[in-house]
K.L.:
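Submitted below is the structure of interest, expressed as structure tokens.
Note that these values count all heavy atoms, side chains included, but never hydrogens, waters or copies made by symmetry. Note that the structure is predicted; figures quoted are calculated from it, not measured.
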Amino acid sequence: MKLAIQTLAGQEAGSVEVSAEVFGLEPRTDLIARMVRYQLAKRQQGTHQAQERSTINRTTKKMYKQKGTGGARHGSAKAPQFRGGGRAFGPISRSHAHDLPKKVRVLALKHALSAKAKDANIIVLDKAEIAEPKTKLLLETLAKLGWSNTLIIGGETLQDNFVLAARNIPNLDVLPVQGINVYDIIRREKLVLTTAALDAINARLAG
């Protein structure tokens, strides 16, 4: 399948052939959803921690005599039912990450790219480069192109001017091709790939 190439000025710059194996699949939302869940779970900090009975620093002296009170026979003020006691079944520090086979992760990326291609939301850019690092100028350029909610994937190295100009623009993400991922593709309306990124994606995922 072919995709048109354009410049930041909005002019046509030819076309490029892309692999139907990567961009022409019938999107499977179940695979995409599994990958998004995998990514979000992996980045959770998991640092939430409650004070349990074993970590509370309170006296271990028996609260009152065993018999004769008419109440329950308590032996520790650390019990959860007492004010200042430990919390029962509270959160503990842990990793939320879970395994997902590499083949499934690769396939999910292909389906995410295919989903964007099917919705005609993939744009091929000749290069993501600007003359000076001015956010205002880049914002005006993107407004003319109609890119209000966009993920731009560049080559292995990104131009400093473009990165500096883009970093304060809301709803705009700029990543090198090594950082391409399903979650960022899905969360943005349009996916912009430079020709360098497209070559790297075809080399990595096709065949």
K.L.:
Return yes if some donor-acceptor pair links the side-chain N/O of Thr194 with the main-chain N/O of Asp126 below 3.5 Å, else return no.
P.N.:
no

K.L.:
Would you check if the side chain of Asn181 reaches a backbone N or O of Tyr183 as a donor-acceptor pair within less than 3.5 Å?
P.N.:
yes

K.L.:
Where do Asn161 and Ala131 come nearest, in terms of heavy atoms and distance?
P.N.:
ND2-O, 3.1 Å

K.L.:
Count I, L, V, M, F, W, Y as connected when their side-chain heavy atoms are under 4.5 Å apart, and connections chain through other members. Are Val104 and Val36 then in the same cluster?
P.N.:
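Yes, Val104 connects to Val36 through the hydrophobic network.
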
K.L.:
Quick check on Asp30: does its CG atom have over 12 non-hydrogen neighbours (other residues, nucleotides or ligands) under 6.0 Å away?
P.N.:
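Above 12, so yes.
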
K.L.:
Taking only residues two or more places apart in sequence or in another chain, which ones pass salt bridge (charged side-chain N to carboxylate O under 4.0 Å, His left out) with Asp173?
P.N.:
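Testing Asp173 for salt bridge (charged side-chain N to carboxylate O under 4.0 Å, His left out), a comparison that skips the adjacent residues, returns Arg187, Arg188.
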
K.L.:
About how many Å separate OG of Ser76 and CZ of Arg53, when rounded to the nearest 0.5 Å?
P.N.:
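Spacing of CZ (Arg53) from OG (Ser76) equals 4.5 Å.
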
K.L.:
Short question: side chain of Thr135, backbone of Ala165 - any donor-acceptor pair under 3.5 Å?
P.N.:
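It does hold such a pair.
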
K.L.:
Please identify which of these residues, Ile56, Asn57, Thr59, meets the side chain to side chain contact (heavy atoms under 4.5 Å, CB included) condition with Lys78.
P.N.:
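Per the side chain to side chain contact (heavy atoms under 4.5 Å, CB included) rule, the option paired with Lys78 is Ile56, out of Ile56, Asn57, Thr59.
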
K.L.:
Looking at Lys116 and Ile185, what are the two nearest heavy atoms and their distance?
P.N.:
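Heavy atoms only, the tightest pair is CE-O, 3.0 Å.
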
K.L.:
Between Glu52 and Arg87, does any NZ, NE, NH1 or NH2 come within less than 4.0 Å of an OD or OE carboxylate oxygen?
P.N.:
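Here Arg87 does not pair with Glu52 in a salt bridge, since their nearest N and O are not under 4.0 Å apart.
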
K.L.:
Hey, can you tell me if His74 and Tyr64 have their rings parallel, tilted or perpendicular (30° and 60° cut-offs)?
P.N.:
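Perpendicular.
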
K.L.:
Is there a donor-acceptor pair under 3.5 Å between the side chain of Gln159 and the backbone N or O of Ile130?
P.N.:
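Judged by distance alone, yes, a pair lies under 3.5 Å.
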
K.L.:
Any side-chain to backbone donor/acceptor pair from His111 onto Arg28? Under 3.5 Å, distance only.
P.N.:
yes

K.L.:
Could you state the interatomic distance from CG (Asn202) to CD (Glu17), rounded to the nearest 0.5 Å?
P.N.:
9.5 Å

K.L.:
Identify the two heavy atoms, one from Arg58 and one from Ala77, that lie closest to each other, and give their separation to 0.1 Å.
P.N.:
NH1-O, 2.7 Å

K.L.:
Is Thr55 reaching over with its side chain to a backbone N or O of Gln51, donor-acceptor style, under 3.5 angstrom?
P.N.:
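Side chain of Thr55 to backbone of Gln51: no pair is present.
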
K.L.:
So, Lys2 side chain and Ser15 main chain: donor-acceptor pair closer than 3.5 Å or not?
P.N.:
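Checked: no pair found.
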
K.L.:
What residues, two or more places apart in sequence or in another chain, satisfy salt bridge (charged side-chain N to carboxylate O under 4.0 Å, His left out) together with Lys118?
P.N.:
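Lys118: salt bridge (charged side-chain N to carboxylate O under 4.0 Å, His left out) contacts with Glu26.
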
